[in-house]
Amino acid sequence: MQNPTSPENSNSSTGSAVAKATAGIGVLHLLRLVISFATAPLIARIFGSSRLADVWAVASDIVSSLWLVFEKTVNPTVLPLFAKALKDDDEKSAWRFASLAFCVTTLGVILVTPLAWVGMPFIVDLYSQKAPESQREFTVAIARVLLGGLFFLSVSSLTYVILNGYKRFATAALGDAFWRLGIMIAAAYAFAQKLPMEQALSVLAYGFLLGAFLKLAPQLWALRAKWALFKPNLDLSDPRLKTAFFLAIPMIVGVVTSEGRDIYRNYLADSPLILGANGEVTEGSRALLKFSRAIISSLIQLFPYALSIGIFPYLADLARGTDKQPFTQTLVGALRACLFIFAPITAIFIALRLPLLRLVWEGGNFSYNDTLTLIPPFIAYCVGMMGLACENVLNQSFYAQMRPWAPTIIGIIASIIFVVTATLGVHWGWGLAAIAGAESLQKTVKCLIMWRVLRPQLGEINRRENALFFAKTALCSVFAAIVAAILVKIVGPSDLADASRVRMALAILISGSGAMLAFGVLASLLKVEEMKHVGAFLKREQRR
């Protein structure tokens with residue numbers, strides 16, 4: 001009889017807890033995905049590929065980047081220390097640190113916001129090459145309005161972490177969906193009222209502010225029973241704060257590198273060398289690049305990002321143990337899940353690229369030629385989808401071990417690779433596909449290096465079993481793509497350029513479902529381990 005506290009049972013329990021946490025977060029991220037899918041095409045139809053599409057893309061990217069400095073610093077530095085205090089000390093001690101973190105975060109926002117407001121013309125210039133002066137001035141004005149949401153977004157990063165410390169993942173994730181809801185309401189109103197583009201931009205800006213407030217509101221409500229423990233202080237001698245600062249240094253370096261790379265990416269996308277499908281200079285090339293990765297980014301938020309959030313507290317607990325095997329099995333299981341899900345999605349998306357992009361984006365001011373311009377960068381981003389999926393999990397593994405410098409240094413190396421390959425690609429005439437391909441290459445290389453650096457800290461790994469898994473998953477994915485390509489030819493309209501949205505939707509639904517079914521059948525025949533988990537899950541659902 002197996003000991004209930006044996007490593008096998010412990011790892012099974014951890015895996016089950018991670019799965020439940022991921023499912024809870026995933027449901028809310030699915031809601032966010034639906035809202036984003038409804039919002040982005042509305043924005044595309046309002047602005048098309050015009051210069052004003054770039055105004056919104058750049059202004060929202062600037063403020064989002066400023067927020068991400070707080071988000072990406074607070075999460076990996078505060079969460080392990082808050083969770084450790086809850087477990088090793090007491091709740092009052094944990095909240096004393098959380099209160100201190102709140103005051104430091106608020107102080108940071110108070111300092112950054114006016115500096116960003118004053119420096120906004122300079123920041124906008126960093127993103128621009130061919131944008132005329134009038135467009136840059138309009139971008140500055142919109143970005144300054146969006147800065148009003150920075151406080152709500154930054155504080156929500158901290159409340160998100162606190163809720164995760166209590167393992168209340170779903171409540172924390174609800175705020176993300178509400179944030180998108182504010183922007184969707186504004187976009188729907190502007191589209192329905194057929195507002196002029198300039199007026200629509202102002203409406204979107206106020207929708208962004210509404211969404212930022214809505215992101216924080218449910219998290220504050222969820223913590224209402226704990227606010228009696230909140231004691232504002234600025235005790236700079238607190239040992240946990242000193243540890244947090246030590247952990248934050250590589251985080252800040254990494255975030256600055258990441259956001260600097262993204263600024264350069266958007267600057268490069270504004271190059272006059274970027275051409276449309278018919279060889280013409282494209283006005284809204286930065287917006288088109290953003291649209292080309294929107295579907296993939298939403299899917300990454302749905303599962304891998306949700307998984308990385310759900311798994312982090314458990315990895316942090318396992319990393320403190322002396323036995324490496326539970327940590328190793330949890331990490332490898334998460335990476336295999338990412339590859340098992342996203343390998344077939346990558347192949348199927350590439351096979352269905354034209355009808356999929358037409359269905360999501362076309363309409364209003366967004367034309368068929370704009371869709372054709374999206375296809376090369378979309379394919380390039382698809383190729384890097386598995387790297388994007390695994391990156392978050394690998395990052396969290398280092399943070400759980402409190403080794404923040406490793407992913408930071410690796411990220412800097414990968415960013416240099418991106419800058420070189422993207423710059424050369426654009427100058428060689430590969431356009432937006434060069435930028436997207438360079439980003440996919442960067443993510444893939446980063447994951448491979450992170451795994452190599454992480455490997456000595458892990459326990460035993462069955463190389464033969466995992467190699468067979470990779471080979472079988474790749475074969476099944478190629479088979480799924482072939483099935484998707486054949487089915488879309490059979491059930492899809494003969495002329496995609498003139499096809500109705502309903503016919504394209506049906507063709508995608510039938511082709512995509514058939515391809516995923518083909519993937520599952522072949523994976524079962526090849527006895528891929530993950531299909532057993534899928535089968536067990538389906539059996540449990542049938543018994544309910």
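Just so it is clear, the structure is predicted and the values come from calculations on it, not from any experiment. Numbering starts at 1 and runs along the sequence shown.
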- Partners passing salt bridge (charged side-chain N to carboxylate O under 4.0 Å, His left out) against R96 (at least two apart in sequence or in another chain): none
- Donor-acceptor pair, S64 side chain versus D61 backbone, under 3.5 Å? no
- Message: Tell me if the CH2 atom of W117 is crowded by more than 12 foreign heavy atoms within 6.0 Å.
- Response: no
- How long is the gap from CZ on F230 to SG on C103, to the nearest 0.5 Å? 5.5 Å
- Examine the side chains of K215 and S157 and answer whether a donor and an acceptor come within less than 3.5 Å of each other. no
- Item | Short side-chain to backbone donor-acceptor contact, N266 and D262, under 3.5 Å | yes
- Message: Please list all pairs meeting salt bridge (charged side-chain N to carboxylate O under 4.0 Å, His left out) that have one or both residues in residues 216-238, counting only residues at least two apart or in different chains.
- Response: E91-K226
- salt bridge (charged side-chain N to carboxylate O under 4.0 Å, His left out) partners of residues 182-204, not counting sequence neighbours, each pair once: none
- Query: Between the side chain of R286 and the main-chain N/O of A269, is any donor-acceptor distance below 3.5 Å?
  - Reply: no
- Message: Checking side-chain polar atoms at under 3.5 Å, does E259 have a donor or acceptor matched by the opposite partner on S65?
- Response: yes
- Interatomic distance, CZ@F418 vs OG@S440, rounded to 0.5 Å, equals 10.0 Å
- Message: Ring-plane angle category for W95 and W227, please: parallel below 30°, perpendicular beyond 60°, tilted otherwise.
- Response: perpendicular
- Query: Within the distance-only criterion (no hydrogens, no angle test), does the side chain of S258 pair as donor or acceptor with the backbone N or O of V255 below 3.5 angstrom?
  - Reply: no
